[in-house]
Amino acid sequence: MIEIKFVEVDNADLLMLVSALDSFFYDRYQDATLKYQKYHDLSQMACAAVAYLDGGPAGCCCWKPVDAVTAEIKRMFVRQVCRGQGIARQLAAKIEAHAAASGCHRAVLETGADMADAIAVYEKLGYQICEGFGDFTDDHAVTCMEKEISDGTMR
């Protein structure tokens, strides 16, 4: 059974999952990951969620505001042993709904340009490749993506 819970940014399960995500990136990109650490500060997140599979922490996702109507999806991660069960889809839906309820109508994210599996997952979630945003405008090491998350009402 999958359960998604909103958590505080100092939640032990969230911190454990984020640490696993950081280790994944460090193993893959080594010191190049240091350039991106400033973008992952959990204290900047408007909302964080943890997915539990059969009671154990399985994945996480957060969002932070880019501007008044744009949410940046951050720290999306599902443990390798828990993948393929719809956890990413459920996490994304919960975080996007929270961002939309907070007045956002667009979600953006960035991922490694060479991470074909992650890009494919985001495309399945409805994201499309877009121009770079913010500090990622001219960063060729990342792929930026976007999605409309509004329910169609003006806020």
Side-chain angles (χ1 to χ4, degrees), residues 2-7 9 11 13-54 56-67 70-100 104-150:
I2 299 168
E3 181 181 12
I4 310 293
K5 294 182 183 177
F6 289 118
V7 299
V9 296
N11 174 276
D13 293 333
L14 176 66
L15 296 176
M16 180 272 300
L17 290 161
V18 165
S19 179
L21 176 59
D22 289 340
S23 293
F24 166 81
F25 280 125
Y26 191 82
D27 289 348
R28 186 174 182 122
Y29 299 112
Q30 300 298 307
D31 288 341
T33 60
L34 302 176
K35 171 182 172 183
Y36 298 97
Q37 283 181 337
K38 64 184 176 182
Y39 303 112
H40 305 310
D41 181 357
L42 291 177
S43 70
Q44 297 176 7
M45 303 303 153
C47 180
V50 171
Y52 292 89
L53 178 61
D54 298 326
C60 61
C61 188
C62 305
W63 77 270
K64 72 177 185 179
V66 173
D67 56 40
T70 307
E72 183 178 1
I73 306 303
K74 302 295 294 177
R75 315 286 34 212
M76 171 70 90
F77 176 70
V78 176
R79 292 177 48 228
Q80 182 72 34
V81 298
C82 300
R83 293 181 185 165
Q85 300 186 55
I87 293 170
R89 179 183 44 78
Q90 290 184 42
L91 275 168
K94 197 78 141 175
I95 286 292
E96 291 164 1
H98 188 279
C104 294
H105 65 78
R106 177 178 174 242
V108 296
L109 59 84
E110 53 82 21
T111 191
D114 64 344
M115 294 187 63
D117 290 347
I119 292 168
V121 167
Y122 292 128
E123 286 175 333
K124 285 180 185 176
L125 296 174
Y127 286 83
Q128 298 178 339
I129 294 174
C130 66
E131 294 295 319
F133 58 89
D135 290 344
F136 307 113
T137 301
D138 294 317
D139 189 337
H140 300 290
V142 302
T143 294
C144 292
M145 304 181 82
E146 67 182 350
K147 177 182 179 180
E148 175 68 34
I149 60 171
S150 171

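Counting begins at 1 with the first residue of the sequence. Atoms considered below: every heavy atom in the structure, side chains included; atoms not considered: hydrogens, waters and symmetry mates.
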Do NZ/NE/NH1/NH2 and the carboxylate oxygens of E110 and K74 come within less than 4.0 Å? yes
Closest non-hydrogen atom pair, P57 against V50: CB-CG1, 4.4 Å
Only one of Q128, E96, E123 passes side-chain hydrogen bond (donor to acceptor under 3.5 Å, both in side chains) with K147; say which it is. E96
What I'd like to find out is whether the side chain of Y26 reaches to under 4.5 Å of the side chain of D31, using heavy atoms alone. yes
Does CD belonging to Q30 count more than 12 external heavy atoms closer than 6.0 Å? yes
Salt bridge check: are D41 and R75 linked by an N-O gap of less than 4.0 Å? no
If you count every heavy atom of other residues, nucleotides or ligands that lies below 6.0 Å from D27 atom CG, does the total exceed 12? yes
Nearest heavy-atom approach of F77 to L91 is O-CD1, 4.3 Å
Going by an N to O cut-off under 4.0 Å, is there a salt bridge joining R28 and D114? yes
What pair of heavy atoms forms the shortest contact from A58 to C82, and how long is it? CB-SG, 3.6 Å
Please walk me through it: do M115 and Y122 pass side-chain contact (heavy atoms from CB on, under 4.5 Å)? CA-CA 11 Å; M115 294 187 63; Y122 292 128; over 6 Å; no
Minimum side-chain heavy-atom gap C144-V108 below 4.5 Å: no
Could you go through F133 and T70, starting from their C-alpha distance and side-chain angles, then the distance that decides it, and tell me whether this counts as side-chain contact (heavy atoms from CB on, under 4.5 Å)? CA-CA 11 Å; F133 58 89; T70 307; over 6 Å; no
Considering all heavy atoms of both residues, which atom of L21 and which atom of M76 are nearest to each other, and what is their separation? CD2-O, 4.2 Å
Hey, do the aromatic rings of F136 and Y39 have their centres closer than 6.0 Å? yes
Mind listing the closest non-hydrogen atom pair of A92 and L125 along with its distance? CB-CD1, 3.9 Å
Using atom types as modelled and distance alone, determine if a side-chain donor or acceptor of S23 lies under 3.5 Å from a backbone N or O of S19. yes
Output the distance between atom CG (L53) and atom CD (Q90), rounded to the nearest 0.5 Å. 10.0 Å
Distance-only, no hydrogens or angles: does the R83 side chain make a donor-acceptor pair with backbone N or O of V78 under 3.5 Å? yes
Applying the side-chain contact (heavy atoms from CB on, under 4.5 Å) criterion to C47, which one of K94, H98, K64 satisfies it? H98
Would you give the length of the straight line joining atom CG of D54 to atom CD of E3, rounded to the nearest 0.5 angstrom? 11.0 Å
Shortest non-hydrogen contact from I95 toward C62: CG2-O, 3.9 Å
